[in-house]
Protein chains: 2
Amino acid sequence: MTGTTTVDATMNSFRILERLVASDEALGVTELAADVGLSKGVVHTHLNTLAELGYVTKRDRKYLASMGLLALGEDVRSHLGVFTAARRHVDNLARVTGEVSTLFVEEDGVGICVYMAHGSNDWTPEYACGTRIPLHVTAPGKAMLASLGRERVADILDERGLDAQTAETITDRNVLRGELRTIRENGISFCREEQSAGVIGVGTSIALTERAPAAAIGVCGPSSRLTGRYLEEDITGQVISTAKSIQVDLTR
Amino acid sequence: MTGTTTVDATMNSFRILERLVASDEALGVTELAADVGLSKGVVHTHLNTLAELGYVTKRDRKYLASMGLLALGEDVRSHLGVFTAARRHVDNLARVTGEVSTLFVEEDGVGICVYMAHGSNDWTPEYACGTRIPLHVTAPGKAMLASLGRERVADILDERGLDAQTAETITDRNVLRGELRTIRENGISFCREEQSAGVIGVGTSIALTERAPAAAIGVCGPSSRLTGRYLEEDITGQVISTAKSIQVDLTR
DNA sequence: GAAATTGTTTTTCAGAGCAGAACGACGGCC
DNA sequence: GGCCGTCGTTCTGCTCTGAAAAACAATTTC
């Protein structure tokens with residue numbers, strides 16, 4: 001059925017863990033057992049295991065996800081060359097534009113926001129670091145697609161499709177192909193409410209060495225503020241020069 | 001002798017996952033099997049399970065930790081009230097001081113750095129978000145200890161001890177108790193190379209509602225730069241006023 | 001092109017994971 | 001303050017799974 005086999009106990013542990021992670025209050029064994037469909041006894045054993053591993057904490061007879069989970073993500077991120085090189089530049093991009101600035105990488109044909117820096121403008125997208133977002137709906141995602149080989153893009157589109165996230169999402173392959181060509185020519189990509197209504201983004205890819213995954217940076221914000229020359233000249237210019245700075249650091 | 005029972009398969013899965021997370025290159029089944037002491041066959045099954053869950057990726061016959069792990073940490077963090085309230089203030093603290101600014105919470109008697117913002121000065125501590133750090137060796141940690149009840153502090157010291165991290169670490173209970181009193185009086189704590197040689201920190205606790213864990217913010221940097229009035233007046237003042245801003249947001 | 005190495009699958013079986021029941025510790029209610 | 005309901009924890013079997021070993025397949029190496 002699943003092709004190859006999996007470890008049931010591990011899946012159960014993660015179901016419990018993910019349930020805790022999604023909750024903003026401590027949960028009891030009985031409630032968790034009902035949620036994941038296991039007996040109270042086993043759930044308790046799993047919780048005990050996760051607690052011993054440091055990923056779950058017990059606060060007066062109830063369990064909650066531990067902040068130790070942050071270390072896992074931070075660790076995997078710190079081993080990503082492009083992140084260590086780009087972080088301060090993305091921070092700076094957020095500082096000079098005042099807008100949310102992001103670093104994305106491609107993984108398994110989807111985009112993952114690896115880092116997000118907030119500018120002085122108090123706004124935040126509805127996705128967070130680690131969220132998987134289809135490549136064709138964001139500016140950095142399209143920039144990464146444009147930087148990939150033609151056959152790789154075809155594979156990704158075959159596997160992932162072009163689902164619509166909003167009314168503006170590009171769902172036609174030929175339209176997308178045309179846009180990728182434009183992106184390659186201009187070295188910049190835009191996302192006009194294709195991922196989320198009311199949100200506009202700008203992005204550009206970061207050329208990487210072999211072996212490394214595709215990567216891109218971006219700036220995004222409410223469409224009410226990101227308009228006209230501010231968007232198409234000021235911000236675009238800052239994004240491009242930031243990408244150049246990152247590349248300089250990367251090839252050192 | 002683990003007292004209660006644990007799920008072996010889960011522990012094995014996490015041993016494999018943690019090994020991958022700690023590596024900055026893709027690892028093969030054979031190497032992983034040797035590292036964790038399991039047969040190639042099971043390791044393969046575990047990897048397949050973790051891949052299906054989205055925490056591991058396969059890049060040409062080798063496995064590596066997925067960026068999807070970031071989502072777990074980000075999720076648990078976003079459910080932490082003090083983080084959502086404090087983030088932009090900590091960002092701002094880093095902006096105005098130019099130094100690394102952090103948010104810590106207490107969990108199971110240790111401090112965990114929940115958020116770190118970098119200022120314009122290019123420096124970073126050797127710990128990252130998610131790292132567990134003994135409370136008695138950092139400025140925010142001591143601030144949290146000072147904000148806890150006397151009996152709670154005794155419990156923590158009994159359980160965790162006062163291990164020396166550097167030559168400057170406070171290892172004597174009475175000395176620490178005296179310092180905590182001073183911290184309570186002044187509303188500010190300092191860490192002078194007690195956690196890491198050459199690193200100085202300032203911190204202050206954030207008063208929280210019931211139920212919530214202790215929390216504190218801090219600023220840290222190289223001892224060569226953080227000295228004299230800059231440290232004891234400028235930065236200290238910014239830390240205290242930032243904490244006040246956070247409390248205002250929290251009690252809304 | 002052969003040989004060695006590595007990822008994947010298969011086989012086999014001890015014991016681990018799971019359900020269900022029993023136990024015990026809180027917390028509320030009268 | 002004592003009884004009762006509820007929830008976390010432990011216990012008891014039973015089943016089926018997770019794990020070792022070996023066979024197999026797909027690579028890489030020489």
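Predicted, not measured: the structure shown is a model, and the values here were computed from it. Chain naming here is simple, since letters A, B, ... match the order of the sequence lines and numbering starts at 1 in each. Just so it is clear, the values below take in all heavy atoms, side chains as well, and ignore hydrogens, waters and symmetry mates.
Straight-line distance from the NZ atom of A:K62 to the C1' atom of C:dG27: 12 Å, rounded to whole Å. Remark: C1' of C:dG7 and CG of B:D60 are 12 Å apart, rounded to the nearest angstrom. Between A:N48 atom CG and C:dG17 atom P there is a gap of 12 Å when expressed in whole angstrom units. With rounding to whole Å, B:R15 atom CZ is found 10 Å from D:dA19 atom P. When the P atom of D:dT17 is taken as reference, atom CG of A:D8 falls 6 Å away, rounded to whole Å. Distance CG (A:L47) to P (D:dT9): 8 Å, rounded to an integer number of Å. Taking atom CG on A:L32 and atom P on D:dC7, their separation rounds to 13 Å, with Å as the unit. One can place CE of A:M11 at 16 Å from C1' of C:dG17, the figure rounded to the nearest angstrom.
Applying the salt bridge (charged side-chain N to carboxylate O under 4.0 Å, His left out) rule to pairs touching residues 65-81 of chain A yields A:E74-A:R77, sequence neighbours excluded. Sorted by first and then second residue, the salt bridge (charged side-chain N to carboxylate O under 4.0 Å, His left out) pairs with a member in residues 17-37 of chain B read B:R19-B:D35; sequence neighbours excluded. Sequence neighbours left out, the pairs with a member in residues 36-77 of chain A that pass ring pair (Phe, Tyr, Trp, His ring centres under 6.0 Å) are A:Y55-B:F14.
Take A:R160 and apply the salt bridge (charged side-chain N to carboxylate O under 4.0 Å, His left out) test, not counting sequence neighbours, and it matches no residue. In terms of the side-chain contact (heavy atoms from CB on, under 4.5 Å) criterion, residue partners of A:A164 (sequence neighbours excluded) are, by chain and number, A:T169, A:T171. Taking the side-chain contact (heavy atoms from CB on, under 4.5 Å) definition, one finds that A:R173 meets it with A:L157, A:D158, A:L162, A:R177, sequence neighbours left out. Taking the side-chain contact (heavy atoms from CB on, under 4.5 Å) definition, one finds that B:C113 meets it with B:T102, B:F104, B:M116, B:Y127, B:C129, sequence neighbours left out. Judged as a salt bridge (charged side-chain N to carboxylate O under 4.0 Å, His left out), and not counting sequence neighbours, the contacts of B:R87 are B:D91. Scored by the side-chain contact (heavy atoms from CB on, under 4.5 Å) test, A:A65 finds A:L20, A:V21, A:L69, B:V76 as partners (sequence neighbours excluded).
A heavy atom lying under 4.0 Å from DNA chain D marks the following residues of residues 33-46 of chain B, by number: B:L38, B:S39, B:V42, B:H46. Contact check of residues 19-30 of chain A against DNA chain C (heavy atom, cut-off under 4.0 Å) returns no residues at all.
The existence of a salt bridge linking B:E107 and A:R59 is excluded, since no basic side-chain nitrogen approaches an acidic carboxylate oxygen closer than 4.0 Å.
Each end of the helix from C:dG1-D:dC30 to C:dC30-D:dG1 gets its own axis from five base pairs, and the two axes differ in direction by 50°, given to 10 degrees.
At C:dT8, one or more side-chain N or O atoms of B:K58 fall inside 4.0 Å of OP1 or OP2 (strictly under the cut-off). At least one side-chain nitrogen or oxygen of B:Y63 sits closer than 4.0 Å to the OP1 or OP2 atom of C:dT8. A sub-4.0 Å separation between OP1 or OP2 of C:dG17 and a side-chain N or O of A:N12 is absent.
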| said: Evaluate B:T10 against A:S13 for side chain to side chain donor-acceptor pair (under 3.5 Å), listing each step before the verdict. | reply: CA-CA 7 Å; B:T10 298; A:S13 273; 2.6 Å; yes

